[in-house]
Amino acid sequence: MTTYDAIVIGGGGMGSAAAYHLSRRGLKTLVLERFRRGHANGSSHGESRVIRMFYEQAYYTRLMTSAYAAWREAEAESGADLLTVTGGVVIGREGIPAFDRSIESLSVNGAPFERWSAGETMRRFPQFRVEPDDVAVWEPETGFLRADRCVATLLALAERHRATVLEESAVEAIEGESSPVRVRTSDGEFQAKRVIVTA
């Protein structure tokens with residue numbers, strides 16, 4: 001039975017990222033993907049996904065600083081165009097707790113943003129009809145990730161760092177509460193010090 005440092009279950013957005021970062025650190029990594037890479041059965045497929053720093057939870061905004069840097073590192077290593085920054089606007093009303101907390105999250109993390117009145121918002125974006133009591137938050141770092149390309153690129157980079165990716169390998173059982181953990185699949189059994197489930 002082959003032993004790995006880590007087995008990643010699921011080869012979508014989260015799994016491909018985990019495999020890339022584990023393998024580039026020199027850990028022997030196995031990815032088990034139930035379908036073929038690039039499938040449309042999960043939540044990571046399609047042309048694009050938004051990336052932003054406007055989150056109600058301050059730790060998400062803090063995490064995004066690292067995420068932007070990590071995407072730029074993956075682009076540099078792969079030569080692929082993955083992240084496009086466009087800027088983005090969120091329209092809401094002050095006094096709504098989630099909206100206020102999201103603005104506070106930007107502030108405490110030092111993320112760049114501007115707060116616009118309804119009039120200023122419509123001057124800048126005349127296609128919007130904003131209620132007088134509404135405000136807009138312009139966040140210049142908002143953009144989008146090319147979702148399908150991101151997954152494909154991260155898996156390819158993981159393989160470049162000697163990760164193994166098994167497609168059409170359905171996990172049937174995870175056994176063990178301590179290291180090593182055994183994973184039974186349609187392709188046989190594997191074991192690892194750690195298992196990361198991203199299915």
Side-chain angles (χ1 to χ4, degrees), residues 1-53 55-57 59-84 142-199:
M1 181 186 311
T2 307
T3 301
Y4 294 87
D5 293 311
I7 294 175
V8 178
I9 299 174
M14 299 301 283
S16 61
Y20 166 54
H21 287 283
L22 289 166
S23 61
R24 76 189 289 232
R25 288 181 173 97
L27 297 175
K28 187 176 180 181
T29 305
L30 171 66
V31 179
L32 298 171
E33 171 53 59
R34 179 179 177 182
F35 305 105
R36 294 192 65 76
R37 68 181 77 196
H39 66 81
N41 297 306
S43 61
S44 302
H45 64 280
E47 189 171 324
S48 64
R49 291 292 185 278
V50 69
I51 184 169
R52 64 184 188 276
M53 301 188 79
Y55 284 101
E56 184 178 352
Q57 299 87 357
Y59 60 86
Y60 273 142
T61 300
R62 192 164 46 254
L63 179 65
M64 292 311 297
T65 302
S66 300
Y68 277 86
W71 282 116
R72 292 307 188 199
E73 288 174 8
E75 284 182 320
E77 184 174 351
S78 66
D81 181 20
L82 305 175
L83 167 62
T84 298
T142 293
F144 65 91
L145 293 161
R146 290 170 172 78
D148 285 338
R149 190 182 303 172
C150 287
V151 173
T153 299
L154 291 175
L155 287 175
L157 287 173
E159 288 174 317
R160 186 184 298 177
H161 291 287
R162 297 192 172 87
T164 300
V165 179
L166 291 183
E167 300 176 57
E168 298 181 319
S169 184
V171 172
E172 298 168 351
I174 302 171
E175 301 165 346
E177 296 180 5
S178 60
S179 181
V181 179
R182 295 173 69 130
V183 179
R184 187 160 31 89
T185 77
S186 55
D187 290 320
E189 290 191 6
F190 307 94
Q191 66 181 19
K193 297 175 184 174
R194 297 285 186 272
V195 173
I196 300 171
V197 179
T198 69

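Starting from 1, each residue takes its place in the sequence as its number. Keep in mind that the numbers below use all heavy atoms, side chains included, and drop hydrogens, waters and symmetry copies. Worth saying up front: this structure is predicted, and the values here are computed from it rather than measured.
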Residues, nucleotides or ligands: over 12 heavy atoms within 6.0 Å of [X] [atom1]:
| X | atom1 | answer |
| --- | --- | --- |
| Met14 | CE | no |
| Arg162 | CZ | no |
| Phe35 | CZ | yes |
| Lys28 | NZ | yes |

request  = Examine the side chains of Tyr20 and Glu77 and answer whether a donor and an acceptor come within less than 3.5 Å of each other.
outcome  = yes
request  = Consider only side-chain N and O atoms of Arg34 and Ser186, and report whether a donor and an acceptor are under 3.5 Å apart.
outcome  = no
Check [Y] with [X], please: is the shortest side-chain N to carboxylate O separation under 4.0 Å?
| X | Y | result |
| --- | --- | --- |
| Glu47 | Arg146 | no |
| Arg37 | Glu168 | no |
| Arg194 | Asp5 | no |

ask   = Where do Val165 and Glu159 land on the side-chain contact (heavy atoms from CB on, under 4.5 Å) test, with the steps shown first?
value = CA-CA 7 Å; Val165 179; Glu159 288 174 317; 3.7 Å; yes
query = With no hydrogens and no angle check, is any side-chain donor or acceptor of Glu33 less than 3.5 Å from a backbone partner on Gly11?
reply = yes
query = Does the Ser16 side chain pair with the main chain of Gly13, one donor and one acceptor, at a distance under 3.5 Å?
reply = yes
Give me the atom names and distance for the closest heavy-atom approach of [X] to [Y].
| X | Y | value |
| --- | --- | --- |
| Gly46 | Asp148 | N-OD1, 2.8 Å |
| Val31 | Gly10 | CG1-O, 4.1 Å |
| Ser179 | Ala192 | OG-O, 4.3 Å |
| Ser43 | Arg49 | O-NH2, 2.8 Å |
| Ala80 | Thr153 | CB-OG1, 3.8 Å |
| Ser23 | Thr29 | N-OG1, 3.8 Å |

For the [atom1] atom of [X] and the [atom2] atom of [Y], what is their distance to the nearest 0.5 Å?
| X | Y | atom1 | atom2 | value |
| --- | --- | --- | --- | --- |
| Ser48 | Arg149 | OG | CZ | 11.5 Å |
| Met64 | Thr142 | CE | OG1 | 9.0 Å |
| Thr3 | Arg182 | OG1 | CZ | 9.5 Å |
| Glu167 | Arg36 | CD | CZ | 4.5 Å |
| Gln191 | Ile7 | CD | CD1 | 8.0 Å |

Side chain to side chain, [X] and [Y], heavy atoms closer than 4.5 Å:
| X | Y | answer |
| --- | --- | --- |
| Glu175 | Arg184 | yes |
| Val183 | Leu32 | yes |
| Val8 | Thr198 | yes |
| Val50 | Phe144 | no |
| Phe190 | Val195 | no |
| Arg62 | Gln57 | no |
| Tyr4 | Pro180 | no |

request  = List the steps and the verdict of side-chain contact (heavy atoms from CB on, under 4.5 Å) for Glu75 and Leu83.
outcome  = CA-CA 8 Å; Glu75 284 182 320; Leu83 167 62; 4.0 Å; yes
inquiry  = Within 45 degrees of the ring normal and closer than 6.0 Å to the centroid, is that where the cationic atom of Arg72 sits relative to Tyr68?
reply    = no
inquiry  = So if I apply the side-chain contact (heavy atoms from CB on, under 4.5 Å) rule between Ile9 and each of Thr185, Ile174, Leu30, Ile196, which one comes out positive?
reply    = Ile174
